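Computed from a predicted structure; not experimentally measured.
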Amino acid sequence: MDIKQLWKSKKGFTLVELLIVIIIISILTGMMMFAVSAAKDKAEQTAAEVAVNTVKRAMELGFAGADMTGVRSIIINSSAVPVHNKNETIIVNNILEYLKGSNMNEVSLYVYGFDPPQYYINYYPHGDRNSRLYYQYDSHNPEAGVQKIKY
């Protein structure tokens with residue numbers, strides 16, 4: 001048997017068949033990546049909502065029965081907790097007590113009104129405050145819920 005006959009009798013896939021299989025696998029991979037990305041976004045949104053609700057509850061408990069005399073604003077984040085008087089210090093400590101175990105690198109709270117409380121809560125995924133993406137809850141617009149903000 002010479003080489004030409006051996007080559008012709010050999011069974012296998014053609015180049016076109018291989019290309020079709022590669023194209024089908026590429027399309028399926030692309031569809032899967034889209035689904036994974038959507039699930040990741042949904043998980044991040046849920047994490048933001050949980051963090052915001054935790055801070056809202058801590059804030060409500062921290063304000064409960066507190067003396068609001070002289071309180072101008074309350075800012076709580078990972079870097080600093082500036083306070084202006086004794087009442088603010090008590091409220092901030094109460095809020096922080098309820099937030100024990102929470103990762104404050106991911107959340108900041110800015111309260112600027114007190115009857116009723118008016119505030120912003122920002123959630124930074126993965127604690128990255130330099131990211132161009134964060135989630136925000138604004139007490140002026142509670143119907144909007146937690147909003148994803150890109151800048």
Side-chain angles (χ1 to χ4, degrees), residues 12-151:
F13 295 107
T14 66
L15 183 59
V16 173
E17 290 171 329
L18 290 173
L19 287 175
I20 289 173
V21 169
I22 290 171
I23 289 171
I24 290 171
I25 289 172
S26 299
I27 290 171
L28 291 173
T29 302
M31 290 171 35
M32 188 174 71
M33 293 302 286
F34 178 75
V36 167
S37 175
K40 180 182 173 256
D41 288 346
K42 178 66 177 158
E44 203 169 75
Q45 177 75 26
T46 302
E49 290 171 1
V50 167
V52 164
N53 287 334
T54 300
V55 173
K56 281 172 40 179
R57 173 60 61 191
M59 188 184 66
E60 291 168 5
L61 294 170
F63 285 163
D67 181 6
M68 303 304 269
T69 307
V71 177
R72 298 183 298 194
S73 66
I74 293 176
I75 302 170
I76 299 176
N77 60 38
S78 63
S79 58
V81 182
V83 291
H84 303 102
N85 63 40
K86 179 183 173 188
N87 291 340
E88 286 181 19
T89 304
I90 292 169
I91 293 169
V92 165
N93 288 337
N94 287 345
I95 293 172
L96 291 175
E97 181 67 29
Y98 292 113
L99 288 174
K100 269 188 182 171
S102 299
N103 187 353
M104 285 305 293
N105 288 330
E106 297 178 351
V107 180
S108 64
L109 167 66
Y110 176 51
V111 183
Y112 55 90
F114 296 97
D115 195 18
Q118 299 169 352
Y119 54 92
Y120 291 103
I121 299 172
N122 293 336
Y123 171 77
Y124 304 90
H126 315 295
D128 185 6
R129 292 176 184 272
N130 297 322
S131 169
R132 298 178 96 41
L133 164 75
Y134 66 97
Y135 293 84
Q136 184 176 72
Y137 176 81
D138 182 0
S139 66
H140 278 312
N141 191 6
E143 306 84 40
V146 178
Q147 297 293 310
K148 185 176 190 177
I149 304 203
K150 291 182 180 182
Y151 63 95

Engineer: Give the minimum heavy-atom separation between Ser139 and Pro142, together with the two atoms involved.
Structural biologist: O-CD, 3.4 Å

Engineer: Under the 3.5 angstrom rule, does the side chain of Ser26 hit a backbone N or O of Ile22 as a donor-acceptor pair?
Structural biologist: yes

Engineer: Show the nearest heavy-atom pair for residues Asp41 and Tyr135, with the distance to one decimal.
Structural biologist: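 Looks like O-OH, 4.4 Å.
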
Engineer: Within the 4.5 Å heavy-atom criterion, are Glu143 and Asn141 side-chain neighbours or not?
Structural biologist: yes

Engineer: Between Tyr134 and Gln136, which heavy-atom pair has the shortest distance, and what is it?
Structural biologist: CE1-CB, 4.0 Å

Engineer: Should Leu28 and Met32 count as side-chain neighbours, where that means a heavy-atom distance under 4.5 Å?
Structural biologist: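 No, their side chains stay 4.5 Å or more apart.
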
Engineer: Check whether any side-chain heavy atom of Lys56 sits under 4.5 Å from a side-chain heavy atom of Asn53, and report yes or no.
Structural biologist: yes

Engineer: Between Tyr137 and Tyr123, does the ring centroid distance fall short of 6.0 Å?
Structural biologist: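 No; Tyr123 has its ring centre 6.0 Å or more from that of Tyr137.
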
Engineer: Could you grab the distance from atom CD of Glu88 to atom NZ of Lys86, nearest 0.5 Å is fine?
Structural biologist: 13.5 Å

Engineer: Is there a side-chain contact between Leu61 and Asn94 (heavy atoms, below 4.5 Å)?
Structural biologist: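 Side chain of Leu61 against side chain of Asn94, heavy atoms only: no contact under 4.5 Å found.
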
Engineer: To the nearest 0.5 angstrom, please state how far the OH atom of Tyr112 sits from the OH atom of Tyr119.
Structural biologist: 10.0 Å

Engineer: How far apart are the closest heavy atoms of Glu44 and Pro125, and which atoms are they?
Structural biologist: OE2-CB, 3.7 Å

Engineer: Do Ile74 and Phe63 have side-chain heavy atoms sitting under 4.5 Å apart?
Structural biologist: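 In short, these two side chains touch, coming nearer than 4.5 Å.
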
Engineer: Out of curiosity, Tyr110 OH to Ile121 CD1, how far, rounded to the nearest 0.5 Å?
Structural biologist: 14.0 Å

Engineer: From Asp138 CG over to Asn122 CG, what is the distance, rounded to the nearest 0.5 angstrom?
Structural biologist: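 Answer rounded to 0.5 Å: 9.5 Å.
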
Engineer: Is the number of heavy atoms from other residues, nucleotides or ligands within 6.0 Å of NZ (Lys148) greater than 12?
Structural biologist: yes

Engineer: Atom CD1 in Ile95, atom CD in Glu60: separation rounded to 0.5 Å?
Structural biologist: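 It is 10.5 Å, given to the nearest 0.5 Å.
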
Engineer: How far does OG1 of Thr14 sit from CD1 of Ile20, to the nearest 0.5 angstrom?
Structural biologist: 7.5 Å

Engineer: Grab the two heavy atoms, one from Ala48 and one from Val146, that are nearest each other, plus how far apart they are.
Structural biologist: CB-CG1, 4.0 Å

